[in-house]
Participant: 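There's a structure below that I have some questions on.
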Amino acid sequence: MEGFSLFPPPSFWENWLHFWRFEDMNVLWVLMGSVLLGMSASVIGGFAFLRKRALIGDALAHAALPGVMMAFLLFQTRDPLIIFIGALCSSFLGFFLIDWLPKNTKIKADAALAITLSFFFAIGLMLLSFIQGMDVNNKSGLDKILFGQAAAMTEGDIKLLGYVTIFILITVVLFFQKFRLIAFNQAYARTLGIAVNRYELLLALLIVMSVVVGLQLVGVVLMAAILLTPIAAARYWSNQLAHILIIASLLGALSALISTQISYLAPAMPTGPWMVVSLSVLFILSLLFAPQKGLIKQHLNYKRLRQKVAEENILRTLYKLHERHQFSRHHFTQADIQSFRSMPSSCLQSTLKKLNRQGLVQSSSQGTTLTQAGLKKATQLTRRHRLWENYLNEQAQLSPEQVHQHAERIEHILTDAQEVQLQQELRNSQQDPHGNQIPGATLSKEGGGKN
Amino acid sequence: MTNTHSKKFPPLSVNNLSMRYHHKPVLTDVSFEIPEGKTIAIVGPNGAGKSTLLKGIMGLEPIMDGEARFFGEPLTHKRLAIAYVPQREEIDWDFPINVFDVVLMGRHGQLKLWQRPSAIDREIAQHALEDLGMWDYKDRQISELSGGQQQRVFLARALAQKASLYLMDEPFAGVDVSTEKTIIELFKTLKAQGKTIICVHHDLNTVGEYFDWIIFINARLIAAGPVHTVLTKENLNKTYGGRLSLLNDLTETMYRTQLNKAHDQE
């Protein structure tokens with residue numbers, strides 16, 4: 001086993017070129033291995049995440065540590081398969097303990113997880129310090145398992161990593177439908193006669209395998225993040241589980257690429273923290289910039305809604321002013337508007353400007369007047385407002401004093417179809433509960449229904 | 001075994017069923033048989049063990065004592081003939097899945113291991129959605145549905161199972177008027193096909209109108225039979241008039257002391 005970490009010290013740039021020219025075939029292999037791990041861990045972690053058992057991966061990774069150490073102690077070898085089997089055994093032991101404790105004792109699931117995790121981790125650390133005090137060969141890389149070190153991986157490690165991750169990916173693709181069914185509605189799956197327990201065990205096995213195989217790359221301590229962060233980020237981009245899993249696996253792969261590269265360029269750097277940091281950055285980017293669920297998009301939507309409400313409120317105020325003057329006076333000042341509806345002057349002025357631009361009102365030295373289109377829209381809003389007041393008054397038995405505030409909000413979201421339905425249910429009533437005329441039912445094609 | 005005679009057996013018979021939660025008795029010694037091709041309501045106050053009864057029958061929660069038989073046989077032999085509709089609240093409606101895929105789940109009882117739904121399965125799911133007036137929503141995310149629509153999706157999923165006995169946990173809870181009508185129509189169609197429907201129901205005003213049969217439950221069986229014979233003031237009083245506290249307390253003590261085990265070993 002040759003360590004890859006012995007790079008000549010020259011410049012960062014040269015190292016980088018050296019890395020990407022793949023002059024060292026091992027670089028290519030480690031890179032592929034880490035990408036595969038990133039993909040399989042994100043996909044399998046996705047199911048743990050959806051089943052709301054997000055922390056299980058963390059516990060299982062910690063539970064693997066004593067297995068690694070015991071395997072090394074017993075066989076005095078770093079043979080990847082033996083280490084893998086040792087880790088698998090102790091990780092599974094941890095899994096059954098986490099499963100058994102809440103069912104058979106008064107300990108709840110979260111406590112069982114925490115107890116198992118720290119117990120196994122402590123034993124693992126004890127064994128590790130014991131080994132480090134021993135006089136044996138090969139022990140040098142063992143401590144790397146805590147935080148991961150891509151550059152310290154041997155050819156055998158990578159081969160095993162490749163086999164296991166490909167096995168995991170293929171299994172998930174094959175059983176996708178069943179895994180999804182169980183994650184969505186486990187009790188229902190049971191009533192269909194599906195062997196839920198067997199699939200659960202398979203899922204647990206896949207999680208344990210991806211955790212164990214990822215230890216050298218990511219490390220015990222941070223493995224959970226590789227399982228969970230990709231799916232948490234991917235949920236922002238899609239609503240279809242298949243797409244979410246593909247996106248998660250791409251994010252996992254990308255972070256693996258970044259961190260492995262860094263591990264080579266700066267061999268003192270552990271891979272795990274870099275992988276987690278790059279994943280977290282991807283998560284934050286998703287959280288902010290995702291097309292529909294992203295925070296920025298949601299903020300913009302809210303701003304647009306506020307703008308729309310402000311505009312419509314002014315149109316309605318103008319309508320009421322018209323009504324007050326029996327539609328004989330057409331121009332109204334900002335003071336007139338403010339006397340009817342209190343709103344900050346700056347907001348009023350900017351909204352009037354926007355309405356002007358849309359051609360719904362026209363401002364001149366005499367004041368503001370509704371255009372033809374503006375009047376139509378204002379009439380529609382008023383009609384909706386008053387219809388809704390009527391509806392609440394007649395069908396929900398609310399007093400005329402109670403209905404106004406509610407109608408102030410509903411008028412902005414009523415659609416054409418709902419308006420027609422209201423008119424039918426109210427049998428074309430002509431007056432609202434306050435005695436105001438409901439303006440004619442000339443349903444416009446545009447406007448409304450946008451929400 | 002004797003499949004030719006299975007017609008003679010009732011769709012569901014429950015014999016001496018007892019269930020508990022930790023040491024608290026939930027149901028004690030419940031037995032009844034139901035007729036084929038009827039709509040049957042399970043009625044009782046909150047905490048009477050109605051949902052627990054359904055779950056026990058479906059093998060979702062452990063049974064202490066007794067058994068449920070479907071068409072004379074245990075559940076494992078008759079899985080395909082039974083469809084279960086869980087309560088809506090038990091589901092994470094934020095799960096990333098659309099309406100059509102949820103309904104397709106109803107076909108998974110017929111599919112082996114990694115098999116994917118075939119064109120026929122898709123057709124069946126489509127019919128089920130159409131029957132409940134939800135075909136237009138097939139690509140909707142389930143989180144975008146209203147309560148009534150969620151219930152329809154669940155019913156469509158059960159319908160896609162093409163079962164002969166349907167067990168539903170509160171299908172009328174929190175649904176709108178039009179969904180309620182749709183469900184009633186669905187009951188009629190299913191009954192016309194000779195299928196049997198058992199529902200946990202909480203609305204005493206409609207129980208006589210919507211159902212042929214009633215099973216009154218309050219921790220034990222109060223009465224079971226056709227609406228016109230069991231929907232009486234006496235049965236209602238017994239069902240809603242509180243539990244028999246002595247029965248309750250002593251059964252709990254029995255479970256705590258593991259007396260039933262000790263007794264049987266003598």
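Here is how names work: the chains are called A, B, and so on, in the same order as the sequence lines, proteins then strands, and each is numbered from 1. When reading the values below, keep in mind they use all heavy atoms of this one structure, side chains included, and skip hydrogens, waters and symmetry mates.
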Participant: Decide yes or no for L192(A) and L181(A): does some side-chain heavy atom of the first lie under 4.5 Å from some side-chain heavy atom of the second?
Facilitator: yes

Participant: Which one, D92(B), L167(B), V85(B), leads in non-hydrogen pairs under 4.5 Å with chain A?
Facilitator: D92(B)

Participant: Is it the backbone or the side chain of I194(A) that comes under 4.5 Å from a heavy atom of chain B, or both, or neither?
Facilitator: side chain

Participant: Could E200(A) and R53(A) be called an ion pair, given the rule that one side-chain N must be under 4.0 Å from one carboxylate O?
Facilitator: no

Participant: Side chain, backbone, both or neither: which part of I57(B) has a non-hydrogen atom closer than 4.5 Å to chain A?
Facilitator: neither

Participant: Looking at R384(A) and E419(A), does any basic side-chain N land under 4.0 Å from a carboxylate oxygen?
Facilitator: yes

Participant: Verify whether the ring centers belonging to F167(A) and Y163(A) lie closer than 6.0 Å.
Facilitator: no

Participant: Chain A: which of M105(B), M58(B), E90(B), K55(B) shares the most heavy-atom pairs with it under 4.5 Å?
Facilitator: M105(B)

Participant: For chain B, which candidate among V173(A), T191(A), I244(A) shows the most heavy-atom pairs at distances under 4.5 Å?
Facilitator: T191(A)

Participant: Can you tell me which portion of R235(A) sits under 4.5 Å from chain B's heavy atoms? Options are side chain, backbone, both or neither.
Facilitator: side chain

Participant: So with a 6.0 Å cut-off around CD of Q115(B), is the heavy-atom count from everything else above 12?
Facilitator: yes

Participant: How are the rings of F95(A) and F92(A) set to each other: parallel, tilted or perpendicular (split at 30° and 60°)?
Facilitator: perpendicular

Participant: Could you look at V102(B) and say if it's the side chain, the backbone, both or neither that has a heavy atom under 4.5 Å from chain A?
Facilitator: side chain

Participant: Which bit of Q110(B) is near chain A, if near means a heavy-atom gap under 4.5 Å: side chain, backbone, both or neither?
Facilitator: neither

Participant: What part of I91(B) lies closer than 4.5 angstrom to a heavy atom of chain A: side chain, backbone, both or neither?
Facilitator: side chain

Participant: Give the member of S238(A), A183(A), A242(A) that has the highest number of heavy-atom pairs under 4.5 Å with chain B.
Facilitator: A183(A)

Participant: What do the steps show when you test F47(A) against L241(A) for side-chain contact (heavy atoms from CB on, under 4.5 Å), and what is the final call?
Facilitator: CA-CA 10 Å; F47(A) 285 103; L241(A) 185 54; 4.3 Å; yes

Participant: In terms of heavy-atom proximity below 4.5 Å to chain A, should L104(B) be classed as side chain, backbone, both, or neither?
Facilitator: neither

Participant: Return yes if a side-chain donor-acceptor contact under 3.5 Å exists between R190(A) and Q186(A), otherwise no.
Facilitator: yes

